[in-house]
Amino acid sequence: MIQAVVDKVCWQTSLDGKTTVFKQLQAFTAWPMKAEFFADAFPAVSKWREADMKVCIYSSGSVEAQKLLFGQSAKGKILELVDGPFDTKIGHKVESQSYRRIADSIEGSTNNTLFLTDVTQEASAAEEADVHVVVAKTYYSLITSSSNLHLPSPT
Ligand SMILES: CSCCC(=O)C(=O)COP(=O)(O)O
C-alpha cells in the first residue's frame, strides 16, 4: 500500500502534476527551503501596496506550501504583503472561471487585474476572463526585473 502511494506521488511528480490533492502533500514535507526573490521584488510589492494596489499570489502550489515557502524567504515574510494566497481550491489556473472567482474574492474586477505567468495556457484562461496578462519568461530574459513591468495606474 505504502509503495503504491509512493509510486503515485513519483508519477505525479514526473508529470509536474497540478491536482489540488497532490499539491496538498507539499505542506507535509520537512521544508528546509527559503524562497529567493529578485532583489527589487520586496520594494516593488511594498510600493504597489502603498499605491493601494492589491497584490496576490495564485499558485498551483497549495496555500499551505506557499505559507511555508513565502513565509520564510531569505528577505522576509512576503506573505505579510499579499492580500491573498490562492491555490487551485479556487479553480485551476487554466480555467477562466478561477480568475473571476479571485477578482470577486478580493472585491476587484477582472479588467482591473494584472496576472503574471510563465504558462501560456494560464495566460489564455486569464485573458478569457478579461484579465490583463504578462507572460514572464525569466529564463529567456523577457522579464528580468519587476521594473520591466508597466503596471496600470491605481484607480
Ligand atoms: C508555492 S509552493 C510550490 C510551487 C508549486 O508546487 C508549483 O506547482 C508552482 O506552480 P505555479 O502555478 O506557481 O507556477
Side-chain angles (χ1 to χ4, degrees), residues 5-46 48-49 53-106 108 110 112-151:
V5 173
V6 170
D7 289 347
K8 186 87 173 172
V9 168
C10 291
W11 176 69
Q12 284 272 348
T13 305
S14 72
L15 295 176
D16 192 19
K18 302 283 188 189
T19 59
T20 305
V21 171
F22 174 58
K23 289 294 183 179
Q24 301 262 265
L25 282 176
Q26 291 170 322
F28 290 95
T29 59
W31 199 280
M33 286 191 271
K34 276 190 192 293
E36 293 288 338
F37 294 94
F38 290 120
D40 57 356
F42 259 72
V45 173
S46 304
W48 298 333
R49 300 265 313 190
M53 292 181 184
K54 292 184 177 173
V55 179
C56 300
I57 297 170
Y58 178 30
S59 174
S60 309
S62 65
V63 163
E64 293 79 4
Q66 293 177 44
K67 285 180 178 167
L68 288 170
L69 187 61
F70 300 127
Q72 52 181 359
S73 84
K75 290 270 177 353
K77 299 182 178 179
I78 205 160
L79 267 184
E80 288 173 359
L81 297 179
V82 305
D83 293 279
F86 293 95
D87 63 16
T88 52
K89 283 193 218 117
I90 200 127
H92 286 281
K93 294 176 77 180
V94 292
E95 294 166 358
S96 57
Q97 191 58 28
S98 310
Y99 300 87
R100 294 189 193 101
R101 289 193 194 114
I102 289 175
D104 284 348
S105 91
I106 58 171
T110 53
N112 198 25
T113 300
L114 176 69
F115 175 59
L116 280 79
T117 181
D118 60 350
V119 179
T120 50
Q121 294 94 325
E122 293 174 5
S124 301
E127 263 182 353
E128 211 179 296
D130 209 19
V131 165
H132 302 272
V133 174
V134 168
V135 177
K137 287 282 185 193
T138 52
Y139 285 98
Y140 308 114
S141 302
L142 280 182
I143 302 285
T144 54
S145 159
S146 51
S147 61
N148 294 149
L149 299 175
H150 300 287
L151 296 170

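Heavy-atom basis, side chains included; hydrogens, waters and symmetry copies ignored. We count ligands from 1, going down the list as the structure has it; atoms in each ligand are counted the same way. Please read these numbers as outputs of a predicted model, since none were measured by experiment.
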Original post:
Does the side chain to side chain donor-acceptor pair (under 3.5 Å) test come out yes or no for S60 and T88, once each step is laid out?
Top reply: CA-CA 6 Å; S60 309; T88 52; over 6 Å; no
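How far NZ of K23 is from CD of Q66: 10.5 Å, rounded to the nearest 0.5 Å.
Other residues, nucleotides and ligands contribute at most 12 non-hydrogen atoms within 6.0 Å of the NZ atom of K67. Crowding of K8 atom NZ: a count of heavy atoms from other residues, nucleotides or ligands under 6.0 Å not exceeding 12.
When only interatomic distances are considered, the shortest N/O to N/O separation between S59 and ligand 1 falls below 3.5 Å. Checking only distances, K18 does come within under 3.5 Å of ligand 1, N or O to N or O. Inclusion of K23 in the set of residues having an N or O under 3.5 Å from an N or O of ligand 1 is warranted. Taking any N or O of S60, backbone or side chain, at least one lies under 3.5 Å from an N or O belonging to ligand 1.
Proximity to Q66 (heavy-atom distance under 4.0 Å) selects the following atoms of ligand 1: 1 (C).
Residue nearest to atom 11 (P) of ligand 1, selected from K67, E64, K93: K93 (by heavy-atom distance).
Ring geometry for F115 against Y58 counts as tilted: the plane angle lies between 30° and 60°, on a 0 to 90° scale.
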